[in-house]
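Okay, structure first, notes after.
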Amino acid sequence: MTNHYRLIWFQHFHKAAGSFIVRLALYNQEKLYPQHKNGNPINTDGTLIRLWEMSNEELTHFVDHCENEGITFVATEWGAPNFNLLASDPRVIIISCLRNPLERFVSNFNFDFRSGYTHCQSIEEYVNSSGSFTMFNYYCRILSQHNENPEPITINQFEQAKSSLSLFNYWVILEEQKTFWGLNQFLGWKKQAMRQNQARSKIRRILKSIEKGNFTLNQKQYKEKPNPQFVQLFREFNKFDYQLYAEAKTNNLAPSYLNFQ
């Protein structure tokens, strides 16, 4: 008897349309973990289930558990699991979304500042301020499982990251709308008009910022743009992410069996 079970495993990079894809999964009636935070499975006490720290046996057991419970969509946002194991499991479909590294970083800073999640007053201060998503070569850190190591990424980690990405069944390039259409087609999903109520979202951010004591919000532009000097330095120190992003764009519609050339 053929097993038609499918678990979509979404590697969520901060500020690269991750919430959009989670909502798209919900719209298409995918079943998420009973307790989850934006698609990330959590325990009943609210703590994250650290899937990226699981052994091969534990990870297989987790996929078995998802199948038994009928769960069809899982996101990992704070680390990367063993993609070699997941890619070898015929039940698992691995997807992700990549965004221009600088645009992603600037968006992350503006979001954190507006929401009161950071006290950094500039993009320059935001670098290495909190978590792997503020570090250089963020994509490579996650995909090579070096996200908790603040040391500079090397060519070895870049090759590991490229190898991991090549195992994905599909990845979206945020700047190329056709890849979202391709994702829907690949997964058999229906399209959804994802229009947020911007005014309501803005009010929520202001209230959350005030709660966190960030009273400078209204005195600052909502969207800070980096100066040319920062852009140059960012490109220099993120060379591996830019190279990974460029190769992903070249193969943006390729399933895993095409891999990188």
Side-chain angles (χ1 to χ4, degrees), residues 6-54 58-59 61-83 86 92-99 104-105 107-118 126 129-135 138-139 141-143 145 147-148 168 171-172 174 183 187 189 192 194-198 200-212 214:
R6 177 183 77 173
L7 176 62
I8 300 170
W9 198 291
F10 173 49
Q11 183 60 44
H12 179 173
F13 294 108
H14 285 1
K15 308 314 295 177
S19 297
F20 177 99
I21 291 176
V22 173
R23 293 198 301 271
L24 197 56
L26 288 168
Y27 177 75
N28 282 277
Q29 300 181 338
E30 300 292 349
K31 184 177 178 181
L32 277 63
Y33 209 74
Q35 300 85 31
H36 70 89
K37 182 178 181 181
N38 204 21
N40 295 270
I42 60 176
N43 296 301
T44 53
D45 63 358
T47 59
L48 283 169
I49 298 177
R50 301 176 71 83
L51 297 166
W52 53 95
E53 295 179 354
M54 287 185 173
E58 291 170 331
L59 199 56
H61 178 73
F62 177 80
V63 176
D64 292 340
H65 172 70
C66 288
E67 180 175 14
N68 292 334
E69 297 299 319
I71 296 163
T72 62
F73 185 94
V74 166
T76 41
E77 186 175 356
W78 306 99
N82 184 341
F83 288 122
L86 293 178
V92 180
I93 300 293
I94 311 172
I95 65 170
S96 191
C97 180
L98 299 179
R99 183 179 186 181
R104 189 212 66 80
F105 185 84
S107 177
N108 214 145
F109 167 71
N110 283 318
F111 175 81
D112 279 3
F113 185 82
R114 291 194 305 262
S115 303
Y117 294 142
T118 180
Y126 191 62
S129 63
S130 175
S132 59
F133 50 87
T134 69
M135 298 179 190
Y138 165 61
Y139 294 143
R141 287 184 186 279
I142 293 289
L143 291 171
Q145 297 184 319
N147 50 298
E148 295 184 357
F168 285 32
W171 57 87
V172 171
L174 182 59
L183 178 67
L187 295 176
W189 282 357
Q192 181 190 18
M194 304 295 290
R195 295 182 179 179
Q196 293 183 337
N197 186 326
Q198 294 182 351
R200 184 179 301 173
S201 179
K202 181 177 178 180
I203 290 172
R204 282 201 304 268
R205 289 196 299 265
I206 291 174
L207 291 175
K208 189 175 294 185
S209 183
I210 292 173
E211 287 176 1
K212 293 179 177 292
N214 185 359

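Note: hydrogens, waters and symmetry copies are ignored here, and every other heavy atom, side chains too, is used. The chain is numbered in sequence order, starting from 1. What you see is a predicted model, and the numbers here were worked out from it, not measured in a lab.
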Looking at Phe133, does the NZ or CZ of Lys15 lie under 6.0 angstrom from its six-membered ring centre and within 45 degrees of the ring axis? no
Any chance the side chains of [X] and [Y] put a donor and an acceptor closer than 3.5 Å?
X	Y	value
Thr76	Trp9	yes
Tyr126	Asn108	yes
Gln11	Trp171	no

Rounded to the nearest 0.5 Å, how far does [atom2] of [Y] lie from [atom1] of [X]?
X	Y	atom1	atom2	value
Leu24	Phe10	CG	CZ	10.0 Å
Ser130	Met135	OG	CE	8.5 Å
Leu174	Ser107	CG	OG	9.0 Å
Leu51	Asn40	CG	CG	8.5 Å
Glu53	Glu58	CD	CD	10.0 Å
Glu30	Arg6	CD	CZ	5.5 Å

I want to check something: taking the side chain as every heavy atom from C-beta on, are [X] and [Y] in contact at a cut-off of under 4.5 Å?
X	Y	result
Ile94	Phe83	yes
Val172	Ser96	no
Arg99	His14	no
Val63	Leu86	yes
Phe73	Val22	yes
Tyr33	Ile49	yes

Where do Asn147 and Trp78 come nearest, in terms of heavy atoms and distance? ND2-O, 3.1 Å
Under-4.0 Å salt bridge between Arg50 and Glu148: yes
Name all residues meeting the side-chain hydrogen bond (donor to acceptor under 3.5 Å, both in side chains) criterion together with His36; count only those two or more places apart in sequence or in a different chain, and write none if there are none. none
Can you name the residues that form a side-chain contact (heavy atoms from CB on, under 4.5 Å) with Asn68, not counting sequence neighbours? none
